[in-house]
Each structure stands twice: as C-alpha cells, then as structure tokens.
Amino acid sequence: MNILTTLVEKTQEAITQLYGLSDTNISFEQTNSKFDGDLTFVVFPYLKHSKKRPEDTAKEIGDYIFNKMKAIKSFNVVKGFLNIEFSDDYWLNVLQSRIDHGIQIPEIGVNKKIVVEYSSPNTNKPLHLGHIRNNVLGFSICQIFDAVGYDVVKNNLVNDRGIHICKSMVAYEKWGNNETPQSAGLKGDHLIGKYYVMFDQYYQKEVKDLISKGVDKDEAKEKSSLMMETRNMLQKWENGDQEVFTLWTKLNNWVYEGFESTYNRLGVNFDKIYYESNTYLLGKEIVQEGLDSGIFFKKEDGSIWIDLTPEGLDEKIVQRSDGTSVYITQDIGTADLKYQEFKMDKFVYVVGNEQDYHFKVLQLILKRLGKSYADGLYHLSYGMVDLPEGKMKSREGTVVDADELMDKVVATAKKQTEELGKTDGMSSKELDELYEVLGLGALKYYLLKVDAKKRMMYDPKESIDFQGNTAPFIQYTYTRIASLLRAADKVNFSLPITFHSIEKELIKQLNAYPEVITSAANNYNPSEVANAIYDLAKTFNKFYHELTILGELDSNTRSFRISLSKTVGETIKHGFGLLGIQVPERM
RNA sequence: GCACUCGUAGUUCAACUGGAUAGAAUAUCGGAUUUCGGCUCCGAGGGUUAGGGGUUCGAAUCCUCUCGAGUGCACCA
C-alpha cells in the first residue's frame, strides 16, 4: 500500500470526522526544504468549514492522522501548513524496496501505442543546431514513453522532394562537374548544401540584375531563368522524367549517407521512415470524402476549402484550383496513413513552434472529418534556439552546423580530460569513445535541460563548460560512484540505522524519481528528468564530501552508504539513458 | 492590422501548474583536502518576478491594460 494513498485516505477521514465534509480533493505536496517535514498539507481551503484559525485547523488534522498512522514520526504546523514527517524506518524501507525491486515506474502507457514523428529533415542541406534540438528532444521523449510502458514507434518523415531539392539539382547540373562526396572530400549532405547555397547566390544576383534593368521585384523573382529552370525540373520530376529522376536519386542518396552518419553520432534512430516522395499525393481522397460530406466546400475557381471560423480560425485551403494538394493535405494523408499502419492511440509531432497554427488546424480538420484518432494528436512544439548575436540566419551564415558543433564539443572534452590526466591505462580507442560520450553528453544535456516549449539561448562558450548544471558534472559524479564500487566489497545492510539528513534527502530524491518520469511523459518534457538527475548528483556530491563511505568504521552504516551510492549511480545512469546520454565508468 | 507565445539575480535557466522567506548554475569575492577521484564541497553579495490595476486567505503563475521581444497570418513546404 502506497503511503500517500493511506495519507490521503486518513486525511479525508479526518476532515469528514471533524468538519462533516466528504469527497474533497485532498492533495499533498513536497515540503519546502526550508521547513521540517516530508509532505505538506495546506489547510487554507478548509477554514470556512472548520471555522477555526489556520494553525488550529492544521493541528487538529495533524493530531488525527498522527494517531492513525505509525509511519508518521511527527508533524509541525506553520500558519496553514501542516508538515508531516515520516519515520526513519519508513525511509529505510523505501531504499530497501528500491534495492530489491529496482526502479518501479508506473506503467501509464501499457497497451497503448504512440507514434512520434521527429527530425523530418529537408534533403537540400546539412543539419544544424535547431535540428539537433529536435532530434535530441524527439529521441528522448521516445525513451521516456518507452519507460512508462508505451509501445513507441520512432518515426521520421523525410522531406525529399519539392522545389528546394530541385534548386540543388539545378545548381549541381550547371556547375557540379560530376563532383562526388569522395572527389570533394565532403559529406554528402554538405556537398548538396554547397550547391543549394550556390543556387541562392546566383539567383539573388540574377534578381538584382533584373531589378536594375527596371523589372519589378516580384516579377524579377518570377522571371529569373534559374527559377524557371527549377520549376521546370520539378515539373519533370512529377512527370517521372527518367533523367531527372536519376539525378534526384543520386543526390538524395548522398544526403542520406551524410544524415546517417550524423544520426549515428547523435545516437538517434528510427523504426519507420516515410519519404515525402511516396506520400505527397496522399490526402486527396480524404479531401474528396470531406467534400462529399459537406465538411469542405468548393469555390468557383475549383479550389477546395474548410471554414474554421466557428473555431475562431480562418478559412483554410486544402486543395488548389488546379487540383494539386497543399502542405496540409499531405499531412492529413500521412496522419491517416499512420493510423492505417499502426492504429496508434497517440501521435506526436516534434516540430518547432512556428507551426503551432498549422497543427491546430490539422487537428481541427481531422476532428471535423470525424477521424477517431484526431484526439490523439499532439504537437510537441519546441522553441527555437537563439545565438548570443540573435537568431540563426542562413542568409548571414550564422547557422551552427551540426557536424562541426559535434567536432568542437568532442575536441573540448578531449582537451579537458587530458588536462586532468585521470585516464592512465585506457587505450586510444577507449579514449576516443570517452571523448564522444563527454562531448556529446554536454551538448545534448545543454539542449535538454531547458523546458522543451521554451525558446532558448545557445551560448557556445557555456555549452562546452563542464562545471555546474552540465552533463560532465553528472558524469563525473557517476564515475566517482563507479570508482567507489570498484573498491567496495559486496554488501548488505540491515535495519535499523540512524542516518544523516543528507542520506535521507538522497532517499527522498530516489523515491521521487519514478514520478518524475511519468510527469515528464505527461508533459512531453525531458527537462524534468534532466533537472531531477542534476539535483540528485548535486546532493550526492555533498553527501560524498561530508561523510566517509569506505572509511566508515561501523560496518552496517558502511554497507548502507555503499548501497545508497550504488542506487544513486544506477539512477543517474537510468535518467541519462532517458535523455539519450551515456555515462562513462572512468573519465 | 489580426492571432498566438514569451518577459524571473549581471547572464543562462528553475519554481511540483494558485501556496510558506522566488531557487540553482555561471560570473565576482572569500573559504575547505595529512581521508573514498578537487570536473568536488562550504559561504557572501546580487530580485519592486517588465510596469500599472484587479480576482482571494495567498499571485511569478489567473483576468485586464501599457511597454518590450518573438512567431504565425501564401492556391510555399
């Protein structure tokens, strides 16, 4: 029996007995660390029924439950706050049970399937910092869902066709000289990115020239020969032109190879990959369906719309007058495809918050269409990553490249580790792995510790800082524990034991950990896990500093401390696993 | 112009979703090791939670206005 449920039960009983009030919504919160106690009950809401001062009301309720529960050691009252403290035995049993049964996570997702779409890159240029946030976030939330029992499908929808890739194709055809990733010594995605940039440069120049000849700006953009060639290329692609198709395949494959290595290094992967070139025609039957049932309507020019003004939004086009589909049509189609394929209970899109409106509309349309799965749609909307100088702008070359960034953090990890010189006896292969674990850990943690919904600042200097709220700090804590355990005998401790307040604090944090995971899952927010693990590491370091472990003379206490340390280490490793970050045994 | 999001120590972020004296990290300054890994630990200063008004036992959190920042409002994706 969970102590919290008993506590709620007894408190309800007290309130019924004392004030004749039943079926109230009793809730406890963690006691603020500045006060004594483990859990706190706030009595203010009950004052009008008790008709007594806050202090007296809290005292009354406290007396009642104190007499009914052995596990309560004491309670104290500050104003309207009833702080309850559990017995040491209770906390020791919590640790013992944790040691016996491992981390017990409430299985809130059991027998439920969830499809998480993340990453979803365009194949015209390499990944950048913003994509890293997306990937790391998407992967982590999948780990978290998995931990709470969901059947998770990691899904990527690759945006491999359209006008953007045609731009690279046109540029490559014109100026590429059959260059290959090998001949250029570039990753495939970087090579294609080079041509995309090249296209844009020539295109801008052409538009500028046209304008200087007196052509109107919009017209210049239309009339640019490069743009016309690109549209022509797209047309040919859609008509299945063999030559264009061959070129497209070649360039895209290079990009995939490049992405593959970036994904590998980042440690992310997918169970199901959709390619837009296969799915972009989907959704048209559904549009027809909606038109037949009167949910959509046709305008005079033949374009098809939905009226969302009753929901406070606008009219939204779902099919062009020429019969071709728009972005949202494809999304309707792929949502349906996902459902046909997976019959999922929930489906999540990890996409930046600039598309908030789009996903609101998508969900509304699916609801209007009567799709049973519409309620399961969730847009995990994350904020953009800013630089100290402001927004990342590809035009101004301030975009932080993913591969370069990873190189940089790993190099920093190497430098810092060498300065410390604690890695004697490790092979160069082991060292290289270690630098990856530390460098990428630092980067991922930096991105994950911030609430996913919020926009964040990426400060290059701070991200390679290894002190404070960082992955290396936590990894260091882990290696300390690992080192400790290498030197320790196998141990058991027995009750009772008297323990220090820091030890109790550690047990409380360990005890709260499973709830952190379910909360992170419910809020689609890995940062909750990151912050909990950080707090745990911080508390452990304090414990480690203030108390001796291996040198403790009382063998029962020593065993207890070793067991406690071991459990902390396991929890750090587990939490970091949920974030997609590894921990080293030595560093 | 309309819609949405945001504004918290110098800086980067927290605050259990309405609870107690708003916490960390970083930077600055000052301390700690004959002892298990000093990438550690302890301490100090630093805040009118952008500003005004309201709701109530109680507001960083909810409502409202003002100011400031960002995003979205394509027969682009």
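Sequence lines set the chain letters: A, B, ... in the order given, protein chains first and strands last, and positions in each chain run from 1. For clarity, every value in this text was computed on a predicted model and none was experimentally measured.
A/Asp386 pairs with exactly one of A/Arg455, A/Arg133, A/Lys391 by the salt bridge (Lys or Arg N to Asp or Glu O under 4.0 Å) rule, that one being A/Arg455.
Between B/C36 and A/Thr548, no contact under 4.0 Å exists linking OP1 or OP2 to a side-chain N or O. Taking side-chain N and O atoms only, A/Arg561 has no distance below 4.0 Å to OP1 or OP2 of B/C36. A/Lys34 has a side-chain polar atom (N or O) that falls below the 4.0 Å cut-off from OP1 or OP2 of B/G23.
Comparing the same atom, C1', in B/C65 and in B/C29 gives a spacing of 43 Å after rounding to whole Å. Of the P atoms belonging to B/U48 and B/U11, the separation is 12 Å, rounded to the nearest Å. Comparing the C1' positions of B/U26 and B/U21 gives a spacing of 24 Å, expressed to the nearest Å. B/C6 and B/U61 have their P atoms separated by 12 Å, given to the nearest Å. Separating the C1' atom of B/U12 from that of B/G7 is a span of 15 Å, rounded to the nearest Å. Rounded to whole Å, the C1' atom of B/G19 lies 30 Å from the corresponding atom of B/G10. B/G23 and B/G46 are spaced 14 Å apart, taking the C1' atom of each and rounding to whole Å. Spacing of C1' atoms, B/G18 relative to B/G54, comes out at 16 Å, to the nearest Å.
Taking atom CD of residue A/Glu315 and atom C1' of nucleotide B/A74, one finds them 15 Å apart after rounding to whole Å. Taking atom CG on A/Leu485 and atom P on B/G37, their separation rounds to 11 Å, with Å as the unit. Taking atom CG of residue A/Asp535 and atom C1' of nucleotide B/G23, one finds them 10 Å apart after rounding to whole Å. For the pair A/Ile328 CD1 and B/C73 P, the interatomic distance rounds to 11 Å; values are reported in whole Å. Between the CG atom of A/Asn522 and the P atom of B/C16 there is a distance of 15 Å, rounded to whole Å. As rounded to whole Å, 15 Å separates atom P of B/C6 from atom CE of A/Met384. One can place CG of A/Asp36 at 17 Å from P of B/A20, the figure rounded to the nearest angstrom. For A/Phe28 and B/G19, the CZ to P distance is 16 Å, given to the nearest whole Å.
B/G58 is unpaired under the criterion used here, namely a Watson-Crick or G-U wobble arrangement in which both key atom distances are under 3.5 Å. Shown here, B/C6 forms a base pair with B/G68; the pair counts as Watson-Crick or G-U wobble because both key distances fall under 3.5 Å. Pairing partner, B/U12: B/A24, with both Watson-Crick or wobble hydrogen-bond distances short of 3.5 Å.
Between A/Phe28 and A/Phe41, the ring planes lie tilted relative to each other; the angle falls in the 30° to 60° range. Relative orientation of the A/Phe560 and A/Phe499 rings is parallel, given thresholds of 30° and 60° on the angle between their planes. Note on ring orientation: taking the six-membered ring where Trp is involved, the planes of A/Tyr203 and A/Phe199 are parallel (angle under 30°, cut-offs 30° and 60°). Relative ring orientation between A/Phe359 and A/Tyr349 is described as tilted, the plane-to-plane angle lying within the 30° to 60° band.
Distance from the side chain of A/Tyr534 is smallest for B/A25 among the nucleotides B/A25, B/U35, B/U71. Among B/G72, B/A77, B/C36, the nucleotide with an atom closest to any side-chain atom of A/Ile549 is B/C36. Checked against B/C36, B/C73, B/U21, the side chain of A/Lys79 finds its nearest nucleotide in B/U21. Considering only the side chain of A/Thr479, B/G37 comes nearest among B/U35, B/G37, B/G19. For A/Val42, counting side-chain heavy atoms from C-beta on, the closest listed nucleotide (B/A25, B/G19, B/C36) is B/G19.
Of the N and O atoms on the side chains of A/Asp535 and A/Gln509, not one donor lies less than 3.5 Å from an acceptor on the other residue. Between the side chains of A/Asn83 and A/Thr40, a donor-acceptor pair is found at a separation under 3.5 Å. Remark: the A/Glu505 side chain and the A/Thr539 side chain contain no N/O donor-acceptor pair separated by less than 3.5 Å. With no hydrogens or angles considered, no side-chain donor-acceptor pair links A/Thr417 and A/Tyr435 at under 3.5 Å. Donor-acceptor pairing under 3.5 Å is recorded for the side chains of A/Tyr382 and A/Asn134.
Using a 4.0 Å cut-off between charged nitrogen and carboxylate oxygen, A/Lys167 and A/Asp200 do not count as a salt-bridge pair.
When heavy atoms are screened at a 4.0 angstrom cut-off, A/Leu82 is found touching no nucleic acid atom at all. A/Ile317 comes within 4.0 angstrom of a nucleotide base, judged by non-hydrogen atoms across all strands. Nucleic acid contact class of A/Ser381 (heavy atoms, under 4.0 Å, all strands): none.
A/Glu418 is linked by a salt bridge (Lys or Arg N to Asp or Glu O under 4.0 Å) to nothing, counting only residues two or more places apart in sequence or in another chain. Remark: A/Asp307 pairs with no residue by the salt bridge (Lys or Arg N to Asp or Glu O under 4.0 Å) rule, at least two apart or across chains. By the salt bridge (Lys or Arg N to Asp or Glu O under 4.0 Å) test, A/Arg53 pairs with A/Glu55, A/Asp56, sequence neighbours left out.
A distance cut-off of 5.5 Å between ring centres, combined with a plane angle under 30°, places A/Phe35 in a stacking arrangement with the base of B/A20.
With hydrogens and angles ignored, a donor-acceptor pair under 3.5 angstrom links the side chain of A/Asn83 to the base of B/A20.
Position along RNA chain B of the nearest nucleotide to A/Glu528 versus A/Leu550 favours A/Glu528 as the more 5'-ward residue. In terms of position on RNA chain B, the residue among A/Arg161 and A/Pro45 whose nearest nucleotide sits closer to the 5' end is A/Pro45.
Against the 90° criterion about 0, the sugar-base torsion of B/U17 places it in the syn range.
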Protein-nucleotides 39-41 of chain B N/O pairs closer than 3.5 Å?
residue: B/C39; atom: OP1; partner: A/Lys422; partner atom: NZ; Å: 3.3
residue: B/U40; atom: O2'; partner: A/Arg480; partner atom: NH1; Å: 3.2
residue: B/C41; atom: O2'; partner: A/His545; partner atom: ND1; Å: 3.1

Pairs: protein N or O with nucleotides 3-5 of chain B N or O, under 3.5 Å:
none

Taking only nitrogen or oxygen atoms into account, show me every contact under 3.5 Å that the protein makes with nucleotides 7-14 of chain B, one pair per line with its distance.
residue: B/C13; atom: OP1; partner: A/Met457; partner atom: N; Å: 2.5
residue: B/A14; atom: OP1; partner: A/Asp451; partner atom: N; Å: 2.8
residue: B/A14; atom: OP2; partner: A/Lys454; partner atom: NZ; Å: 3.2

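Seen from the ring of A/Tyr280, A/Arg161 counts as a face-on cation partner, given the 6.0 Å and 45° thresholds.
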